[in-house]
Amino acid sequence: MVLALVEHVEGEPLEESLQMLTLAREIAEAEGESVHGVAFGDGVDGLTDRLEDAGLEVLYMVSLDGIDRYAPIAWAASLEQLADETDPAAVLAAGTDRGNEVLAHIGARNDLPVVANCLSVEVGETYTLERQRWGGSLIEHARLRAGPKVMSVALHELPIESAGSGAPTVESFTPELTEVEHLVTVDRFEESEEEGISLTDANVVIGGGRGVGNAEDFDKLEELAELIGAAVGSSRAAVNEGWRPHDDQIGQTGAKISPELYIAAGISGAVQHMVGCKGSKHLLAINTDPEAGIIQKANWAVLGDLHEVIPAITEEIRRRQGE
Amino acid sequence: MDILTCVKRVPNTGEKIVLTDDKQAVDASGLGFTVSPHEECAVEEAIQQVEQHGGTATVLTLGPEDASDELVTAVARGADEPVLLEAPDTSADPMATADAIVDYIESRGDGEVPFDVLLFGNESADAGNYQVGVRVANALGLPCVTGIKDIELEDTTATAKREVSGGWEVFEVPLPAVISVKEGINHPRYASMRGRMQARRTPIETVEVDLAGDERFEMVELEVPETEAAEAEILGDSADAASAVVDILEELEVL
Ligand SMILES: Cc1cc2nc3c(=O)[nH]c(=O)nc-3n(C[C@H](O)[C@H](O)[C@H](O)COP(=O)(O)OP(=O)(O)OC[C@H]3O[C@@H](n4cnc5c(N)ncnc54)[C@H](O)[C@@H]3O)c2cc1C
Ligand SMILES: Nc1ncnc2c1ncn2[C@@H]1O[C@H](COP(=O)(O)O)[C@@H](O)[C@H]1O
């Protein structure tokens, strides 16, 4: 049996969790077993419908006494108690903030190794696996011997597949929690005012790096972005210079974007930047240096000064719109 | 507020990652070293909290003698006490790393944790195990919050915020606590040349550690993933390329 933490927002499973289930099913199949899902909170009806084809035999809906928001240790304790009952070969979660945190607690509380951000697993007595390191710019080949195998699954690397299995059997579960397991919970939620198009949702992202030269010249990027409904992002260099807020940063320690088109202007193409934009369908680089690494990774390049090229693009669009 | 911040030294890789011949590590020759941006921010947070509340900012790294460079950088920025847990290299697994950090913390207190806050990065830059802080917290019986981008400390509690889609999840935990932070929580200051010169004179508490590796997880080798080398079509070398760019925008139907 493979126990899989399925995260959802009000009954809508996260894409990342559905991707994780692709690997969970593979492991279960190789083990000759089935996948049991674990979900927390409300939204049961919607969730089972949405998991119709996910290949789950059972879905445990966990309710926690006196806790109605995210609580990492209580989640970990719930998975542990379910594991005690079902003796799984592996415990999986998507490599989200929550997934990695909950699995880390399970590892720490039970003295088990935890392998973060797995890409593939070959099942046997010992699992032979591949996982991401350096935010996705390196792959590690490794072996895992413990039981159960506790693993998170890398984000946006695996396809979401339909297992055509029919809806899972739903079972309610209420774990017994100690006081300590109640201790860390989300006490409240504060909404943030999102303005404009977010980096992760935008169809086109225009990124500026050190080559932009100062905070003011990002206006040129903003102007073009506004005209075409794009979002403006940046490299870490531009954030470190204080030209842009960290929210705009794309990369290993910033946002992961997947637009139809990424226009990278004055950005050299460091691996830590590129892992944040590798989901982009197309890449256009604007750079004065023909040797810049980003040129090798781009579909198109303009080998010129972004301070001239970007306003010229804006002007050309206005001209065509005027026609 | 007495704060311990843990940082891990990693190669400062740039445009490409090159592996050593045996594929066991990143070839760091000529690259220099750094720590994860998350950890740079953890150090900055410790310094700011100590500036605000008083106390000491201790910074710890587990690694070879050379890793003390990262401690010097932290001291140059404003940390007070550097601690090196000396090991042959930084490749210890997260369990052994956490054990060594726990042993050190326990050796400093008489049965009590001698810090109010233990700061970690959300994940190390090179290994990305997402767990050393959580393991330390569990071993010491401390509450733990991860992925934090805002911290307010009071005498006995920490209010910590984690960014999620559409807003912030707010945790309140009693001190002492383990908090792992993400880049963006603050804007780290640079270390001045002069600060660095002075920092070099700060004595480093050095403790040799004996790492028992966990045999249940074993790295075989590293691999640099193949990226398809796109043959970029050069659209021009000046503002004259604008027309070709807009043609592409039209083709992709993103206007
Ligand atoms: C652990 C770790 C994590 C990191 N995480 C991130 C991350 O999340 N995101 C990130 O971006 N970086 C990250 N970095 C930093 C990364 O390694 C690079 O330092 C950074 O991405 C460089 O930014 P840049 O390309 O803007 O600057 P540079 O490398 O300085 O490149 C500037 C480019 O602009 C070009 N240029 C200059 N003038 C012009 C002009 N007028 N017109 C057009 N082009 C011009 C230059 O030819 C050059 O190619 C991380 C580093 C580490 C070690
Ligand atoms: N060798 C080390 N020395 C000091 N701190 C470390 C070391 N390895 C990991 N850490 C800390 O633990 C955090 C999480 O690491 P990891 O579990 O490897 O992702 C890092 O951001 C550091 O704060």
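This is a predicted model, so every value here is computed, not measured. Naming convention: chains lettered A, B, ... in sequence-line order (proteins, then strands); numbering from 1 in each chain.
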Under a 4.5 Å heavy-atom cut-off, does chain B meet the side chain of [X], its backbone, both or neither?
X	value
Pro113(A)	both
Asn100(A)	both
Thr185(A)	backbone
Gln249(A)	side chain
Leu112(A)	both
Glu315(A)	neither
Asp111(A)	both
His141(A)	both
Leu138(A)	both
His282(A)	side chain

Practice problem: Would you please test Val170(B) and Glu190(A) for side chain to side chain contact (heavy atoms under 4.5 Å, CB included) and show each step? | Solution: CA-CA 7 Å; Val170(B) 187; Glu190(A) 286 176 8; 3.8 Å; yes
Roughly how far, to the nearest 0.5 Å, is [atom2] of [Y] from [atom1] of [X]?
X	Y	atom1	atom2	result
Ile234(B)	Leu303(A)	CD1	CG	4.5 Å
Glu15(B)	Gln272(A)	CD	CD	11.0 Å
Ile313(A)	Leu249(B)	CD1	CG	7.0 Å
His105(A)	Thr146(B)	NE2	OG1	7.0 Å

Do [Y] and [X] meet the salt-bridge criterion of a basic N to acidic O distance under 4.0 Å?
X	Y	value
Arg236(A)	Glu40(B)	yes
Glu101(A)	Arg162(B)	yes
Lys161(B)	Asp187(A)	no
Arg98(A)	Glu169(B)	yes

Tell me, for [X] versus chain A, whether the close heavy atoms (under 4.5 Å) come from the side chain, the backbone, both or neither.
X	value
Met219(B)	both
Val224(B)	both
Pro94(B)	neither
Ser180(B)	neither
Glu250(B)	side chain
Ala125(B)	both
Asp99(B)	neither
Val136(B)	neither

Inspect the surroundings of [atom1] in [X] and state if more than 12 heavy atoms from other residues, nucleotides or ligands are less than 6.0 Å away.
X	atom1	result
Lys23(B)	NZ	no
Gln321(A)	CD	yes
Asp155(B)	CG	no
Glu215(B)	CD	no
Glu152(B)	CD	no

Options [options], ranked by heavy-atom pairs under 4.5 Å with chain B, top entry:
options	result
Ser268(A), Gly147(A), Gly107(A)	Gly107(A)
Arg131(A), Glu316(A), Arg188(A)	Arg188(A)
Leu103(A), Leu183(A), Thr128(A), Val9(A)	Leu183(A)
Gly254(A), Pro311(A), Ser198(A), Ala108(A)	Ala108(A)
Ala270(A), Ala285(A), Pro290(A)	Ala270(A)
Val309(A), Val180(A), Asn240(A), Thr200(A)	Asn240(A)

Heavy-atom closest contact ([X] atom, [Y] atom, distance):
X	Y	value
Val239(A)	His187(B)	O-CE1, 3.0 Å
Ala232(B)	Ala301(A)	CB-CB, 4.4 Å
Gln131(B)	Ala104(A)	CB-CB, 3.7 Å
Ser192(A)	Trp168(B)	CB-NE1, 4.0 Å
Ser137(A)	Pro225(B)	O-CD, 3.1 Å

Review point. Where do Phe189(A) and Val164(B) land on the side chain to side chain contact (heavy atoms under 4.5 Å, CB included) test, with the steps shown first?
Key: CA-CA 10 Å; Phe189(A) 181 78; Val164(B) 292; 3.5 Å; yes
Could you verify whether a donor N or O on one side chain and an acceptor N or O on the other, from Ser238(B) and Glu308(A), lie under 3.5 Å apart?
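Side-chain D/A pair, Ser238(B) to Glu308(A): absent.
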How about Arg320(A) and Ser243(B): does a side-chain donor come under 3.5 Å of a side-chain acceptor?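 Arg320(A) vs Ser243(B): donor-acceptor pair found between side chains.
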Indicate yes or no: at least one non-hydrogen side-chain atom of [X] is less than 4.5 angstrom from one of [Y].
X	Y	value
Asp237(B)	Val302(A)	no
Leu235(B)	Leu284(A)	yes
Val114(A)	Asn129(B)	no
Lys182(B)	Thr253(A)	no
Val220(B)	Glu140(A)	no
Val26(B)	Trp134(A)	yes
Arg216(B)	Arg143(A)	no
Ile228(A)	Val254(B)	no

- Task: Could you check Val271(A) against Thr13(B) for side chain to side chain contact (heavy atoms under 4.5 Å, CB included), going step by step and ending with a plain yes or no?
- Result: CA-CA 8 Å; Val271(A) 283; Thr13(B) 58; 4.1 Å; yes
Subject >> Selection from Asp214(B), Ile248(B), Val173(B) maximising heavy-atom pairs under 4.5 Å formed with chain A >> reply: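 Of the options given, most contacts go to Ile248(B).
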| query | Judged by atom type as modelled, is there a donor-acceptor pair below 3.5 Å linking the side chain of Arg145(A) to the main-chain atoms of Phe217(B)? | reply |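 Here the side-chain-to-backbone pair does not exist.
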